[in-house]
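See below for the structure under consideration.
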Protein chains: 2
Amino acid sequence: MGSKERIQRLKEDTRINILDAALDIVKEDGWQALSMRKIADKIEYTAPIIYEYFSNKEGILMELTRQGYILLGKEIKKVKSEYTKADEQLEAMWTAYWNFAFKHKEFYQLMFGVDMNCCEQKKTMPEIDYVDNMFFDSIKDVMASEEPEEDLICRKYYTFWSIIHGLISINMVNKGRNEAMNQHILKDALKGIIKYINE
Amino acid sequence: MGSKERIQRLKEDTRINILDAALDIVKEDGWQALSMRKIADKIEYTAPIIYEYFSNKEGILMELTRQGYILLGKEIKKVKSEYTKADEQLEAMWTAYWNFAFKHKEFYQLMFGVDMNCCEQKKTMPEIDYVDNMFFDSIKDVMASEEPEEDLICRKYYTFWSIIHGLISINMVNKGRNEAMNQHILKDALKGIIKYINE
DNA sequence: TAAATAATCTAACACCGTTAAGCAAATTTA
DNA sequence: TAAATTTGCTTAACGGTGTTAGATTATTTA
């Protein structure tokens, strides 16, 4: 009767296969090309069985979003641990965020793409809070001397995030055009904003 | 034989009706809900005749994008004319940009939405250059004392645009949450960046 | 081996963008 | 005026989408 667990494991496998297949399709042909039937083709099933693993297409998108945040969280945590000074940490973290966006373009598009539907349940995802909190803490550290209010930190965080996200958006629209300049802008912006935090 | 022109005028009318109908649908139910058949319903025709006015759905999207830029251009030009000092002009222009994004949410989403397809021909639209150039000129004015290089202006512009666009993106995702704080951030960012231009 | 259950597929529904063929009315030509 | 042609528009269809219900096949249980 240990076969129950084996079957359970097999079910989990196909769940993972569905997500992997989806990501493969997106990496090849973009989010627009993702369809239930194509996923089914790739895992050598027919479309309806996917609905035994996910309630609908948005369910798949949500799970991939979660995975994206987990990945981002890991990378940011890693680079943070490589520094001790708060401002150095913060610069490294934002740089990691920047790198993530281009290394895992598909994830970033899904996670932050303005009109990519699936924006309702997002608020209740702890994986998002995890990343948010790390930045939050770091900013607090940088401002340690001033005993900053929650609200002020939040504002600084949003401003910070805005610059980076805006730069990335530009870079994605004019994709790859004048890479050197964008790097220059990024550095400028990071320096400027860290200085701004200390004001 | 003056009926030729009357008929021509009627054709132009339905062209406009198509665009208006599209915008109505989007305003009611979002870009996702826009379909050729729904447009046809609204103008009381069947779907295929739309293809006598636009080559395809993207054609409609492109035209609406163009109209959006024309509208944005007008509003920015207006507020610019209300000031004489370059830094005041710049702040007013960016504020107008900000206001445009929320007053004409659908246009803004279409014009700057990261993954809203239709991003190929965009480069060759003079209406885009028009807006770009206005900002470009204003930044140049602010930096007048230093005889800035083209490249530097471009970088400042991108950085500037990034903040605003990023703030807007945030605001759209967490739509309307904590409006007061976002206004605060906007003001902070604008002041900061104008100071940054002068450094 | 027979019944019950699980796993999977086929077929369908209602949409989507787009194209081709056809029809009927209006217009032009002879 | 009658025939030919053009115009305006529709119907029907193709191949695609997400999703659901029902039938079918395979597996497990009694």
Side-chain angles (χ1 to χ4, degrees), chain A residues 1-19 21-22 24-26 28-65 110 115-121, chain B residues 1-19 21-22 24-26 28-65 110 115-121:
Chain A
M1 299 283 187
S3 64
K4 269 271 167 65
E5 289 136 31
R6 197 200 66 231
I7 284 166
Q8 186 58 30
R9 238 182 303 126
L10 278 175
K11 282 210 92 178
E12 273 162 30
D13 273 5
T14 62
R15 204 188 121 91
I16 290 167
N17 286 343
I18 289 170
L19 295 169
D24 278 358
I25 292 162
V26 173
E28 271 176 45
D29 301 311
W31 286 104
Q32 213 180 11
L34 184 64
S35 84
M36 299 302 256
R37 284 176 174 85
K38 280 183 199 156
I39 294 173
D41 266 17
K42 210 148 213 171
I43 61 170
E44 294 180 301
Y45 278 108
T46 51
I49 59 122
I50 301 177
Y51 291 85
E52 287 181 16
Y53 297 88
F54 298 93
S55 63
N56 51 30
K57 194 183 180 185
E58 185 158 339
I60 297 175
L61 262 36
M62 284 297 291
E63 180 54 29
L64 286 174
T65 303
L110 180 63
D115 80 313
M116 190 138 264
N117 6 355
C118 89
C119 290
E120 273 84 280
Q121 300 165 262
Chain B
M1 297 283 186
S3 64
K4 268 271 168 64
E5 287 137 31
R6 199 200 64 231
I7 284 166
Q8 186 59 29
R9 239 182 302 124
L10 278 176
K11 283 210 90 178
E12 272 162 30
D13 272 4
T14 63
R15 203 189 120 92
I16 289 167
N17 285 343
I18 289 170
L19 295 169
D24 278 358
I25 292 163
V26 173
E28 271 177 45
D29 301 311
W31 286 103
Q32 213 179 11
L34 184 64
S35 82
M36 299 302 256
R37 284 177 174 86
K38 280 184 199 156
I39 294 172
D41 266 17
K42 209 145 215 171
I43 61 169
E44 294 179 301
Y45 279 109
T46 51
I49 58 121
I50 300 177
Y51 292 86
E52 287 179 16
Y53 298 87
F54 298 93
S55 62
N56 52 28
K57 193 181 179 184
E58 185 158 340
I60 297 175
L61 262 38
M62 283 298 292
E63 180 53 28
L64 287 175
T65 303
L110 181 61
D115 78 314
M116 191 138 264
N117 4 350
C118 86
C119 290
E120 272 85 280
Q121 299 164 260

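What's counted below: heavy atoms across the whole structure, side chains too, no hydrogens, waters or symmetry copies. In what follows, chains carry the letters A, B, and so on, assigned in the order in which the sequence lines appear, proteins first and then strands, with residues in each chain numbered from 1.
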- B:Leu61 vs B:Trp31 side-chain heavy atoms within contact, under 4.5 Å: yes
- Item | Letter per nucleotide, 5' to 3', of nucleotides 10-22 of chain D [B base touched, S only sugar-phosphate touched, - untouched; heavy atoms, 4.0 Å] | BB-B---BBBB--
- Is the shortest heavy-atom distance from the side chain of A:Tyr45 to the side chain of A:Ile50 under 4.5 Å? no
- Can you check side chain to side chain contact (heavy atoms under 4.5 Å, CB included) on B:Ile39 and B:Ile60, steps first, answer last? CA-CA 11 Å; B:Ile39 294 172; B:Ile60 297 175; 4.0 Å; yes
- Item | Overall bend - the helix from C:dT1-D:dA30 to C:dA30-D:dT1, comparing terminal axes fitted on five pairs, nearest 10 degrees | 30°
- Query: Minimum heavy-atom separation for A:Lys42 to A:Glu28, with atom names?
  - Reply: NZ-OE2, 3.4 Å
- Under 4.5 Å between any side-chain heavy atoms of B:Met62 and B:Phe54, yes or no? no
- Message: Could you tell me how far apart A:Ile39 (CD1) and C:dT8 (C1') are, to the nearest whole angstrom?
- Response: 18 Å
- Closest heavy-atom pair and its distance - A:Thr46, A:Ala40: C-CB, 3.5 Å
- Matching residue for A:Ile43 among A:Asp13, A:Thr14, A:Asn17, A:Ile16 - test: side chain to side chain contact (heavy atoms under 4.5 Å, CB included): A:Asn17
- Query: Are A:Gln32 and A:Val26 close enough that some pair of their side-chain heavy atoms sits under 4.5 Å apart?
  - Reply: no
- Item | d(CZ, B:Phe54; P, C:dT19) in whole Å | 16 Å
